[in-house]
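Proteins get letters first, then strands, A, B, ... in listed order; numbering begins at 1 in each.
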There are 2 protein chains.
Amino acid sequence: MAESSERARVPSIRDVARLAGVSHQTVSRVLNDHPSIRPETKSRVLDAISVLDYRPNRAARALVTSRTTNIGILSATVGEFGPTASIASIEDAARAEGYSVTTVNLPETTPEAIGEAIRQLAREQVSGIVALAPQVRVFNVLRGMAIGVPYVSLQTASGSDGVTHSADQLTGARLVTQHLIALGHTEILHLAGPQDWIEAESRMRGYLDAMRDADLTTFPPIRGDWTADFGYFAGGELARRRDFTAVFAANDLMAIGLMHGFRDAGIDVPRDVSVVGFDDIPVAAHVCPTLTTVHQDFTELGRRAVAILLAEIRGEQVPVFGALDPILRTRESSSSR
Amino acid sequence: MAESSERARVPSIRDVARLAGVSHQTVSRVLNDHPSIRPETKSRVLDAISVLDYRPNRAARALVTSRTTNIGILSATVGEFGPTASIASIEDAARAEGYSVTTVNLPETTPEAIGEAIRQLAREQVSGIVALAPQVRVFNVLRGMAIGVPYVSLQTASGSDGVTHSADQLTGARLVTQHLIALGHTEILHLAGPQDWIEAESRMRGYLDAMRDADLTTFPPIRGDWTADFGYFAGGELARRRDFTAVFAANDLMAIGLMHGFRDAGIDVPRDVSVVGFDDIPVAAHVCPTLTTVHQDFTELGRRAVAILLAEIRGEQVPVFGALDPILRTRESSSSR
DNA sequence: TTGTACGCGTTATCAG
DNA sequence: CTGATAACGCGTACAA
């Protein structure tokens with residue numbers, strides 16, 4: 001019944017050494033490609049390795065070096081589309097480089113919780129951390145904590161201290177706002193994200209900048225919480241005041257909820273009001289009306305984060321990426337005045 | 001500049017021993033609550049531990065026990081709503097129990113890729129695996145591989161071999177199909193998921209069962225790929241044949257795409273055709289028309305998976321959970337004939 | 001270029 | 001109940 005569940009003994013470095021007729025030390029050198037090793041010895045060792053299907057024991061290695069080939073992901077997002085996509089691509093990219101990924105979710109963004117999460121990753125002896133820390137608070141705690149290992153912060157304002165990377169939220173927000181302006185709208189509302197979120201700030205600033213550049217007066221942004229439910233609620237509220245002809249919602253989920261709220265209030269999108277979103281989630285192209293939004297390449301973002309982090313870990317030249325270009329996807333939910 | 005980046009030496013078990021005036025071995029016993037230890041010795045050790053803020057070194061522990069407090073997640077899903085939600089809750093539940101979580105994505109579901117992923121987790125010496133392996137193939141490979149550590153397979157047909165757990169897809173599918181029947185529909189189509197997916201099969205069988213029970217003739221299901229884009233495509237195709245009055249799409253994304261396709265083809269939902277989905281993704285309540293669907297508690301599913309897995313790991317009594325009740329959410333996209 | 005000795009921090013085994 | 005002592009698998013320092 002359990003004939004196949006017994007684990008065969010895993011070959012160790014000494015088994016390889018014995019088979020190759022060298023000392024375990026020589027094998028170790030081959031493993032870490034030490035410069036001084038005779039090619040012919042090396043190939044003998046490599047043969048032995050592949051014959052035995054030998055894999056270095058990571059625990060032993062971690063014990064002696066007090067460092068692992070793990071990277072940690074610190075995620076303060078509940079399961080939003082963007083971060084989720086990035087996490088998957090981080091995992092893929094890391095694995096391709098021989099690193100595994102340990103994820104820690106942040107249940108709440110108190111300094112204590114953040115500290116605890118970082119301590120946990122430290123105990124795991126991760127050799128680097130990718131933080132998906134969209135909230136200002138988290139980012140600050142992170143920066144202040146002096147973790148002891150390199151880290152990259154994703155989805156935060158770019159340029160803050162050289163270890164962050166993100167798509168260019170500000171440009172994206174300008175783009176989509178300018179799109180509305182070009183359509184002839186002058187009274188444009190912004191349904192923003194939560195106060196504490198860095199991206200929410202960037203998108204709001206993009207909106208404000210675009211409006212100012214066009215000499216349009218701005219309305220005080222409405223603070224949302226990223227959810228479609230809030231968008232719906234806001235739609236109902238906004239239906240009472242009709243002093244606008246377009247709304248830029250800080251993400252697609254809110255935009256979709258908003259359109260629903262408008263619909264229930266008898267406001268037709270885009271005839272009465274144009275709506276645009278941000279993120280280009282998979283349903284954006286299929287809701288009714290289809291949603292004009294800003295596309296971001298979250299996958300590429302994750303890949304870059306890993307590239308940056310691994311360079312730091314290995315002490316190599318850290319690659320410098322330009323901001324990721326956001327792309328405007330024009331669809332039915334916005335139309336000219 | 002780097003005054004805080006130097007890492008203080010971490011206290012080891014011997015430091016604790018010295019401070020407590022015992023041997024490091026005794027400390028180890030306290031740590032693993034060995035039965036035979038004098039209470040007064042124990043408390044002295046515990047004091048020392050808290051004074052030094054000592055934490056056991058996981059690498060050292062893993063080295064000697066060849067086992068870790070990590071659990072692995074094997075994910076063969078691209079980023080769908082359900083699995084993603086489950087993964088997050090698995091992570092939370094595991095962390096609450098002192099376990100960390102390492103995730104491996106499966107880029108493709110070939111036996112080789114699956115084997116490679118499992119080998120990687122084995123190298124990490126995870127003490128258990130939660131597989132989100134919705135594809136039949138993956139599940140079979142998994143079962144055949146004799147991993148050597150306990151594993152739980154999520155989102156698969158329940159009851160197959162005692163190590164799987166899932167919401168009751170079949171019941172959910174019956175529920176929603178019966179809902180359509182109760183509304184007076186008799187010509188009901190099913191837009192199914194990919195052939196290889198276990199959940200797709202369950203949902204399809206639920207549909208077939210409900211139809212049979214009502215003595216209605218079924219149509220051959222259409223095979224989709226879970227995406228909204230496919231749903232849209234299918235909508236366009238189906239618009240040509242009008243031999244049905246309702247469609248049960250195997251997930252919300254396809255349902256939403258389908259409604260879009262119908263819309264573009266001039267078919268009104270729900271006046272001309274009723275559409276229902278499955279999953280209750282966050283936008284389901286806000287698309288137009290709002291989508292009747294089946295709600296599943298993915299979070300609870302994740303929690304249960306961890307409970308089962310940890311019980312197996314610890315050799316405790318494995319809890320037996322009843323199937324998770326799916327809940328019908330009736331909304332505007334379905335209406336009576 | 002290669003080998004030997006030692007230590008990393010912990011648990012297991014066997015005395016006492 | 002407690003303490004030596006020996007592993008665990010690997011990397012580093014030093015010797016050859």
### Which residue lies more 5' along DNA chain C, comparing A/P35 with A/R14 via nearest heavy atoms
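Closest to the 5' end, via its nearest nucleotide, is A/P35.
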Given atom [atom1] of [X] and atom [atom2] of [N], what is their separation to the nearest angstrom?
| X | N | atom1 | atom2 | answer |
| --- | --- | --- | --- | --- |
| B/R44 | D/dT2 | CZ | C1' | 11 Å |
| B/N32 | D/dT2 | CG | P | 15 Å |
| B/D33 | C/dT11 | CG | C1' | 14 Å |
| A/H34 | C/dT1 | NE2 | C1' | 9 Å |
| A/R67 | C/dC8 | CZ | C1' | 15 Å |
| A/K42 | C/dT2 | NZ | C1' | 15 Å |

### Message
Can you list, in residue-number order, the parts of residues 45-63 of chain B that come under 4.0 Å of DNA chain D, counting heavy atoms only?
### Response
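When residues 45-63 of chain B is checked for heavy atoms under 4.0 Å from DNA chain D, the hits, listed by number, are B/L63.
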Residues in side-chain hydrogen bond (donor to acceptor under 3.5 Å, both in side chains) with [X], at least two apart?
| X | value |
| --- | --- |
| A/D196 | A/R137 |
| B/E40 | B/R44 |
| A/R58 | A/T69, B/E124 |

Under 3.5 Å, which N/O atoms of the protein pair with N/O atoms of nucleotides 14-16 of chain C?
none

With sequence neighbours left out, what residues match [X] under salt bridge (charged side-chain N to carboxylate O under 4.0 Å, His left out)?
| X | result |
| --- | --- |
| A/R119 | A/E116 |
| B/R123 | none |
| A/R29 | none |

### Listed once per pair and sorted, the side-chain hydrogen bond (donor to acceptor under 3.5 Å, both in side chains) pairs that draw on residues 88-98 of chain A, sequence neighbours left out
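The answer is A/E91-A/R95, A/E91-B/N105, A/D92-A/R95, A/E97-A/R314.
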### Query
Has B/T65 got a side-chain N or O lying under 4.0 Å from the OP1 or OP2 atom of C/dT11?
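Checking B/T65 against C/dT11: no side-chain N or O falls below 4.0 Å of OP1 or OP2.
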### Query
OP1 or OP2 of C/dG3 less than 4.0 angstrom from a side-chain nitrogen or oxygen of A/T26, does that happen here?
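So the side chain of A/T26 is within the cut-off, an N or O lying under 4.0 Å from OP1 or OP2 of C/dG3.
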### Message
Heavy atoms from C-beta onward define the side chain here; which of C/dC8, C/dT2, D/dC1 lies closest to that of A/S36?
### Response
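Nearest to the side-chain atoms of A/S36, counting from C-beta on, is C/dT2.
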### Message
Let's see if you can work this out: which of D/dG3, C/dG3, C/dT1 has an atom nearest to the side-chain heavy atoms of A/S23?
### Response
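Of the options given, the side chain of A/S23 lies nearest C/dG3.
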#### Entry: Note, B/L52 side chain near B/L19 side chain (heavy atom, < 4.5 Å)
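The answer is yes, as the side chains (C-beta and beyond) meet within the 4.5 Å cut-off.
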### Task
For residues A/V30 and A/V22, determine if any side-chain heavy atom of one lies less than 4.5 Å from a side-chain heavy atom of the other.
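Not touching, per the 4.5 Å side-chain cut-off.
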#### Entry: 5' priority, DNA chain D, between A/Q25 and B/I37 [closest heavy atom]
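Comparing both residues, the 5'-ward one is B/I37.
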### Message
Regarding C/dT2, can its base be found pairing with the side chain of A/H24 as donor and acceptor, where the two atoms are less than 3.5 Å apart?
### Response
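Flag unset: no donor-acceptor pair detected.
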